[in-house]
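In what follows, a single structure is set out as structure tokens and then discussed.
Counting convention: from 1, in listed order, for ligands and their atoms alike.
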Amino acid sequence: MHQLTLAEIARGLADKKFSSEELTKTLLARIAQLDPQLNSFISLTEDLALQQAKAADARRANGESGALLGAPIAHKDLFCTQGIRTSCGSKMLDNFKAPYDATVVAKLAAAGAVTLGKTNMDEFAMGSANESSYYGAVKNPWNLEHVPGGSSGGSAAAVAARLLPAATGTDTGGSIRQPAALTNLTGLKPTYGRVSRWGMIAYASSLDQGGPLARTAEDCAILLQGMAGFDPQDSTSIDESVPDYSASLNGSLQGLRIGVPKEYFSAGLDPRIADLIMASVEELKKLGAVIKEISLPNMQHAIPAYYVIAPAEASSNLSRFDGVRFGYRCEDPKNLIDLYKRSRGEGFGPEVQRRIMVGAYALSAGYYDAYYLKAQKIRRLIKNDFMTAFNEVDIILGPTTPNPAWKLGAKNSDPVAAYLEDVYTITANLAGLPGLSMPAGFVDGLPVGVQLLAPYFQEGRLLNVAHQYQQNTDWHTRTPTGF
Ligand code: GLN
């Protein structure tokens with residue numbers, strides 16, 4: 001039963017082959033047995049899950065249907081869940097129980113999804129390896145000595161290991177697409193504003209976006225359908241109707257114009273990944289797509305711009321964790337300044353502290369123009385590059401990551417080495433565009449992802465291309481040994 005996709009689960013539940021309660025119990029037992037190897041969950045919510053599963057079974061018995069009704073999922077531990085610990089992977093929020101549900105959590109619960117637990121993540125979603133969590137590193141099910149990617153690495157590892165069919169993630173600079181690529185999943189970062197950020201603990205508000213991680217594009221369509229939509233409680237949510245994503249999956253790719261940026265194939269890209277990307281291009285050509293070389297000339301500036309903007313926003317967002325209102329408070333503070341200093345010094349890990357310092361520096365008088373304002377200008381140039389490219393092509397294709405999953409600890413002493421891994425993903429966040437990563441082969445037994453980018457609100461096009469590719473390839477069906 002643990003091999004079933006969301007789409008197969010929906011059919012099985014509709015045909016009464018099994019109940020949501022049976023499925024939920026099976027998966028909870030599997031998590032208890034296998035997760036100690038992976039560390040992909042921070043909290044399990046067994047009682048809630050069984051209660052939601054029974055309620056979903058009752059709704060089905062009453063004639064209700066729906067692709068998510070009775071479907072087991074998990075939430076990255078930065079989506080607020082009422083009465084349940086919402087830690088953001090940090091000691092700072094280890095004792096924090098959210099007083100309300102995030103919009104995404106509430107919407108999926110209303111659609112009948114069953115929450116099995118909260119998944120491990122890099123602290124405050126800062127990272128590309130899932131090693132900065134207060135709850136310890138997550139392991140990659142394809143090789144337990146390697147990282148699963150981050151920051152949604154817990155969601156990715158759990159879904160890749162067949163502990164559950166799908167999970168939510170968030171993507172500020174690649175944290176859905178990159179762990180999807182490194183664990184052989186399909187992951188989608190929607191257009192900025194497509195999915196509500198209400199109740200999603202903020203890292204960099206102008207970049208953060210929630211989205212689905214699953215094994216297939218078909219399942220991403222199902223989960224995104226449950227997550228997307230206008231939310232008046234999020235001032236950056238966009239009031240645009242949500243199309244039927246599952247209905248878009250079967251469109252023909254005949255004549256689809258795919259742009260491949262020449263800048264993607266620079267020296268930093270593992271040549272074996274480059275070969276797999278070109279193989280995926282050949283596959284899409286067979287389905288009728290037309291390939292065109294394009295240029296994204298400002299791509300080289302993306303990492304420096306992102307690593308000014310994201311920390312700047314983080315330094316502001318994280319100022320609320322002051323030891324006074326909620327979260328960690330140090331013992332016996334001598335005075336107010338001591339309370340702030342020690343609560344933040346003890347509650348935040350080193351990577352979070354590094355980002356707060358970089359961000360506060362970039363925003364300070366005298367440096368604002370030189371760093372923050374410059375970075376915002378680069379951001380506009382990057383967006384303009386995409387707008388020019390999308391005049392000529394329907395989709396942009398390339399690698400999701402320059403390398404396969406690295407060994408645990410390999411980049412810990414050099415934060416910049418880890419930042420360079422984000423080179424292909426962060427431009428979509430800077431421009432607010434939707435992006436998807438899908439499985440495209442293996443290097444040394446480790447999965448490789450191909451990334452697709454589309455114009456604003458064209459999530460359906462991304463899912464269509466990925467689904468057609470998955471109908472003709474079997475990379476996405478490969479299962480890690482031992483799981
Ligand atoms: N690796 C990037 C960072 O650390 C992206 C993280 C994310 O998307 N949340 O900022």
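Using a 30° and 60° split on the angle between ring planes, Y372 and Y368 fall in the tilted class, from 30° to 60°.
At least one N/O-N/O distance between S128 and ligand 1 falls below 3.5 Å. For ligand 1, the polar-atom distance check finds an N/O of T172 within less than 3.5 Å of one of the ligand's N/O atoms.
A donor-acceptor pair shorter than 3.5 Å cannot be found between the side chains of T400 and R177.
Counting the atoms of ligand 1 from 1 in the order shown, those under 4.0 Å from a heavy atom of M126 are 4 (O). For ligand 1 and S175, the ligand atoms under 4.0 Å from any heavy atom of the residue are 5 (C), 6 (C), 7 (C), 8 (O), 9 (N). For ligand 1 and G173, the ligand atoms under 4.0 Å from any heavy atom of the residue are 5 (C), 7 (C), 8 (O). Contact atoms of ligand 1 toward A125: 6 (C), 7 (C), 9 (N) (distance under 4.0 Å to a heavy atom of the residue). Listed by number with element, the atoms of ligand 1 under 4.0 angstrom from any heavy atom of Y307 are 1 (N), 2 (C), 3 (C), 4 (O), 10 (O).
More than 12 heavy atoms of other residues, nucleotides or ligands sit less than 6.0 Å from atom NZ of K91.
Legend: ring pair (Phe, Tyr, Trp, His ring centres under 6.0 Å) pairs involving residues 121-161, not counting sequence neighbours, sorted by first then second residue: F124-F321, F124-F348, W142-F442.
In summary, D77 and K118 engage in a salt bridge, as defined by a charged side-chain N under 4.0 Å from a carboxylate O. Between E421 and K411, at least one side-chain N (NZ, or NE/NH1/NH2) sits under 4.0 Å from a carboxylate O, which counts as a salt bridge.
Here D231 pairs with T103, S196, W198, Q233, D234, S237 under the side-chain contact (heavy atoms from CB on, under 4.5 Å) rule; sequence neighbours left out.
The nearest heavy-atom contact from the protein to atom 5 (C) of ligand 1 is Y306 OH, 3.4 Å.
Although no hydrogens or angles enter the test, the distance criterion places a donor-acceptor pair under 3.5 Å between the side chain of R30 and the main chain of R162.
Here D422 has side-chain heavy atoms under 4.0 Å from ligand 1, and that is the only part of it that gets that close. Residue contacts with ligand 1 for R355 involve side-chain atoms from C-beta outward but no N, CA, C or O (heavy atoms, distance under 4.0 Å).
Under a 4.0 angstrom heavy-atom cut-off, S151 registers as being in contact with ligand 1.
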